[in-house]
Amino acid sequence: MIRKREPRWQSAADRARVASDLIEEAESLAETNTVASSAEVRRDSLPPPVQIELPAGDAAPPPATASGPSGPLGPPASQAPPVPIPDAPAAPPAPGTVGPAAAQPLPVDLDRALAADPDDVLLLVERAKRLAAGSHYAAARRDLERALRRQPEHVDALLALGLLLSRRGLWSEAAPQLARAAELDPGRAATWYQLGNALNRANDLSGALAAFERAVELEPRNARALYGLGIVLDRLNRPDEATLIYRRSREAESR
């Protein structure tokens, strides 16, 4: 047992002896692992835990369910309304397949009219547009090519075929169709814009520049045509002009 240090222990020998005794006791407690933490000391001072025993014959309360709380905080589980389970989101269609909108059949009267007159250009173009909207690209292309065999200069058919080929990434094939449509109807800014986009993707920068400039000439506030023009100017290493065009595009878009 270590004696309590008292004020009368003033000599160096007394202080050394007390220090030696403290070190010995600490080493002994560490070896026997009997040092109690402060939490253990507080726990020892608490009363024993209360044990609750259910009367004989009483069943244990049912476990909580997902239908809702029971007791004073809510209705009994047997009366609580069931929690609705949300439907799982529909999986997206696999690449190359047709989505829900495309699975809808075409109107019977349109097919019937074409069955009666397979070379009706207006009906062929209309059906091709609906087929393309439903991702039936091959069938849409067949209808448009059939329409153009009947009327090679049909602007809507040319434009529709050019857009269809662009959507498929066939830029070199789309550009001649769009160029012909722009030549036949030069007043459509949208056609010139689509032509500029196809030519830019096909790396015909001079042709794309002319097409975008024509689109902007027809519609000076066409933000998409201005942006396309800026891209081509950037690719032609004309950054100062491109910066001005980009600014005009942002201004047109904000209006």
Side-chain angles (χ1 to χ4, degrees), residues 95-96 98-99 101-102 106 121-238 241-255:
V98 179
L106 292 171
V121 174
L122 293 178
L123 293 178
L124 286 169
V125 172
E126 178 61 26
R127 187 170 70 173
K129 291 179 181 179
R130 299 188 187 186
L131 287 168
S135 301
H136 296 285
Y137 299 122
R141 183 172 182 173
R142 286 195 297 269
D143 276 356
L144 291 172
E145 289 175 344
R146 184 182 186 91
L148 288 171
R149 283 195 296 270
R150 289 287 297 173
Q151 294 186 25
E153 297 185 352
H154 195 281
V155 176
D156 287 343
L158 289 166
L159 180 58
L161 182 56
L163 293 176
L164 174 64
L165 295 170
S166 296
R167 290 176 65 181
R168 302 295 291 165
L170 303 173
W171 308 107
S172 298
E173 296 182 42
Q177 311 297 330
L178 296 169
R180 183 59 177 158
E183 180 185 355
L184 293 171
D185 188 3
R188 290 189 186 184
T191 304
W192 288 105
Y193 164 76
Q194 295 294 346
L195 175 59
N197 189 42
L199 291 172
N200 177 49
R201 298 299 186 99
N203 293 318
D204 182 353
L205 298 184
S206 59
L209 180 66
F212 281 131
E213 286 177 339
R214 179 58 177 159
V216 171
E217 182 182 349
L218 292 170
E219 292 184 7
R221 295 183 180 179
N222 189 322
R224 297 174 66 189
L226 286 166
Y227 186 75
L229 179 58
I231 290 176
V232 174
L233 289 171
D234 253 339
R235 296 188 65 190
L236 290 171
N237 296 319
R238 295 160 63 177
E241 296 174 72
T243 300
L244 295 176
I245 294 298
Y246 287 142
R247 185 178 304 165
R248 287 179 56 188
S249 175
R250 289 194 299 270
E251 292 173 353
E253 192 174 12
S254 62
R255 292 178 182 178

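Heads up: numbering here begins at 1 and tracks the sequence.
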Donor-acceptor pair, side chain of [X] and main chain of [Y], under 3.5 angstrom:
{"X": "S166", "Y": "G162", "result": "yes"}
{"X": "H154", "Y": "A157", "result": "yes"}
{"X": "Y246", "Y": "G230", "result": "yes"}

Can you confirm whether [X] sits close enough to [Y] that some side-chain heavy atom of one is under 4.5 Å from a side-chain heavy atom of the other?
{"X": "R130", "Y": "H136", "answer": "no"}
{"X": "E241", "Y": "L244", "answer": "no"}
{"X": "R248", "Y": "V216", "answer": "yes"}
{"X": "T191", "Y": "L195", "answer": "no"}
{"X": "W192", "Y": "F212", "answer": "no"}

Value rounded to 0.5 Å, distance of [atom1] in [X] from [atom2] in [Y]:
{"X": "R149", "Y": "L144", "atom1": "CZ", "atom2": "CG", "answer": "11.0 Å"}
{"X": "R146", "Y": "R142", "atom1": "CZ", "atom2": "CZ", "answer": "11.0 Å"}
{"X": "Q177", "Y": "L161", "atom1": "CD", "atom2": "CG", "answer": "4.5 Å"}
{"X": "I231", "Y": "L226", "atom1": "CD1", "atom2": "CG", "answer": "11.5 Å"}
{"X": "R224", "Y": "Y193", "atom1": "CZ", "atom2": "OH", "answer": "4.0 Å"}
{"X": "T243", "Y": "D234", "atom1": "OG1", "atom2": "CG", "answer": "7.0 Å"}

Contact summary for [X] and [Y], nearest pair of heavy atoms:
{"X": "D143", "Y": "R127", "result": "OD2-NE, 2.8 Å"}
{"X": "E173", "Y": "L165", "result": "O-CD1, 3.6 Å"}
{"X": "L218", "Y": "P186", "result": "CD1-O, 3.5 Å"}
{"X": "A225", "Y": "A215", "result": "CB-CB, 3.9 Å"}
{"X": "L159", "Y": "A181", "result": "N-CB, 4.1 Å"}
{"X": "R238", "Y": "L209", "result": "NH1-CD2, 3.7 Å"}

Atom CD of E253 with >12 non-hydrogen neighbours under 6.0 angstrom: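 No, because the 6.0 Å sphere around CD of E253 holds 12 heavy atoms or fewer from other groups.
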Criterion side-chain contact (heavy atoms from CB on, under 4.5 Å) on R141 and L170, from CA distance to verdict: CA-CA 12 Å; R141 183 172 182 173; L170 303 173; 4.0 Å; yes
Between Y137 and R167: side-chain donor-acceptor atoms closer than 3.5 Å: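 Result is yes, a qualifying pair exists.
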Worked check of salt bridge (charged side-chain N to carboxylate O under 4.0 Å, His left out) between E126 and K129: CA-CA 5 Å; E126 178 61 26; K129 291 179 181 179; 5.2 Å; no
Could you list the donor-acceptor pairs under 3.5 angstrom formed by side chains in residues 199-206, with sequence neighbours left out?
{"from": "N200", "atom 1": "OD1", "to": "R235", "atom 2": "NH1", "distance (Å)": "2.8"}
{"from": "N203", "atom 1": "OD1", "to": "R235", "atom 2": "NH2", "distance (Å)": "2.7"}
{"from": "D204", "atom 1": "OD1", "to": "S206", "atom 2": "OG", "distance (Å)": "3.4"}
{"from": "D204", "atom 1": "OD1", "to": "G207", "atom 2": "N", "distance (Å)": "3.1"}

